[in-house]
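Order of appearance sets the numbers: ligands from 1, and atoms from 1 within every ligand. Quick caveat: nothing in here was measured; it's all calculated off a predicted structure.
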Amino acid sequence: MQHIERAIFDLRRGLPVVIEGRHSRHLVAPIEAATSDLLQDMKDGARTAPQLVLTEHRLAHLGRSNADAPAAIELQTDDAREDVIRWAADPDADWPPSRQPVAISDVGHAALALMRRGLLIPAAIVIEPDDSLGPAIQRRLDRGDLLSVTAADVFAHRHAAPSLLRRVSEANVPLEAAPHSRFVIFREADGMREHVAIIIGDSAQWATPVPVRLHSACLTGDLFGSLRCDCGPQLKASLATISKRGGGVLLYLAQEGRGIGLANKMRAYQMQDDGLDTVDADRVLGFDQDERDYAVAREMLAQLDVAHIELLTNNPAKLDAMNREPIEVARRRGVYGRLTRQNRRYLATKAQRAGHWLDALLSEPVLSESTDSDRNEQD
Ligand SMILES: Nc1nc2c(ncn2[C@@H]2O[C@H](COP(=O)(O)OP(=O)(O)OP(=O)(O)O)[C@@H](O)[C@H]2O)c(=O)[nH]1
Ligand SMILES: [Zn+2]
């Protein structure tokens, strides 16, 4: 487990790692770290054509409309770095002429899994080292300045992480909307993500089913009051509702940007400013329209001995994901933020393309924007 975590940190620092597949050893670099020098070194030391590994969503965006699995573009000697990066992440890129997608091995799949776990753009350059590069890689592995993981360990890690959640600390934190609250911190086994369960009220007095809200982190909305989404007001409304209903649990999940991370959410925002909607923007970057997995949430509730719940959500996918062993969703209750001029399109897209139950909110008049910042400037 530990060496997977270390490999992800190296990838996030812009360093390549070695992935041992069932049949052979490969060198893998994230597209975000593909400098001209690194790309040249990888091309020079490759036994067969280097591959740019892409997800099915990215392939579809490049015009391979029947793509239903990740695949690769084989790179040629004179492919410029700018082109390679464009194929991986530029919204305006097309499929390179006269090339066919090639199937990827377990190494390619493992590379994409590592990029996703590391919240990097899910695209990687993968080579099988030739006889000149192979020994140099071995020396670096022996010295410990290059890390190696097996594809099998990467897949095992992806499935094992949620069930190995550890309850690490807790304390009372009275909240404005719910004065009798206790924060319980859970850490995923690889140490990379922490999730918070906020226990509201006295569990002995809770209603059955227990009111539960799952809230995915949104730095911009929850903390800074961004008008682009509805998260901040939804978070406050959830705490107030749970408190009023005699208490329950709010899970604050480290799933920023529907699981793609803050940096990618900003990339997606930029694309939305250029015309794409929130679903397409994530897909253009190679992600699914929702990358979240709620196994962690089920495990947190199980560890808190909460099984029979009333779920506060407008999201059918959350409802479906939570109504699984050992959790039973007895009832759903809507929870609404507020409609603004800037979030109307985002909320309408969620309703139309992801089936969120938001009709009630979308039919309300748009609230006027807060003018706090103007007033601050006048002061
Ligand atoms: N990728 C992406 N994520 C976004 C965007 N806007 C908001 N988010 C994220 O969307 C998530 C919303 O989380 P929630 O409010 O828990 O979930 P939901 O899917 O809206 O479902 P509800 O339970 O009905 O609120 C947060 O992680 C936000 O950071 C966007 O344009 N792109
Ligand atoms: Zn938000």
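Within a 6.0 Å sphere centred on NZ of K236, other residues, nucleotides and ligands contribute 12 heavy atoms or fewer. Within a 6.0 Å radius of CG in D359, no more than 12 heavy atoms belonging to other residues, nucleotides or ligands are found.
A continuous path of ILVMFWY side-chain contacts below 4.5 Å connects I73 to I125, so both sit in one hydrophobic cluster. Hydrophobic clustering (side-chain heavy atoms under 4.5 Å, transitive across Ile, Leu, Val, Met, Phe, Trp, Tyr) keeps I19 apart from I127.
Shown are the protein N/O/S atoms under 2.8 Å from the Zn ion (ligand 2), given by residue and atom: C218 SG, C229 SG, C231 SG.
Annotation: ligand 1 has protein neighbours R213, L214, H215, S216, A217, C218, Q234, Q255, E256, G257, R258, I260, K265, Y269, Q272, T278, D282, R292, T313, N314, N315, K318, Y346, K350, H356, each with a heavy atom less than 4.0 angstrom from the ligand.
Taking all atoms of both residues into account, the shortest heavy-atom contact from V249 to V306 is CG2-CG2, 4.3 Å.
Using modelled atom types, no side-chain atom of S181 and backbone atom of L175 make a donor-acceptor pair closer than 3.5 Å.
In this model, a donor atom of one side chain and an acceptor atom of the other lie less than 3.5 Å apart for Y294 and R292. Using a 3.5 Å distance cut-off with no hydrogens or angles, the side chains of D130 and S132 do pair a donor with an acceptor. Using modelled atom types, one finds no donor on one side chain facing an acceptor on the other under 3.5 Å when comparing H180 with D202.
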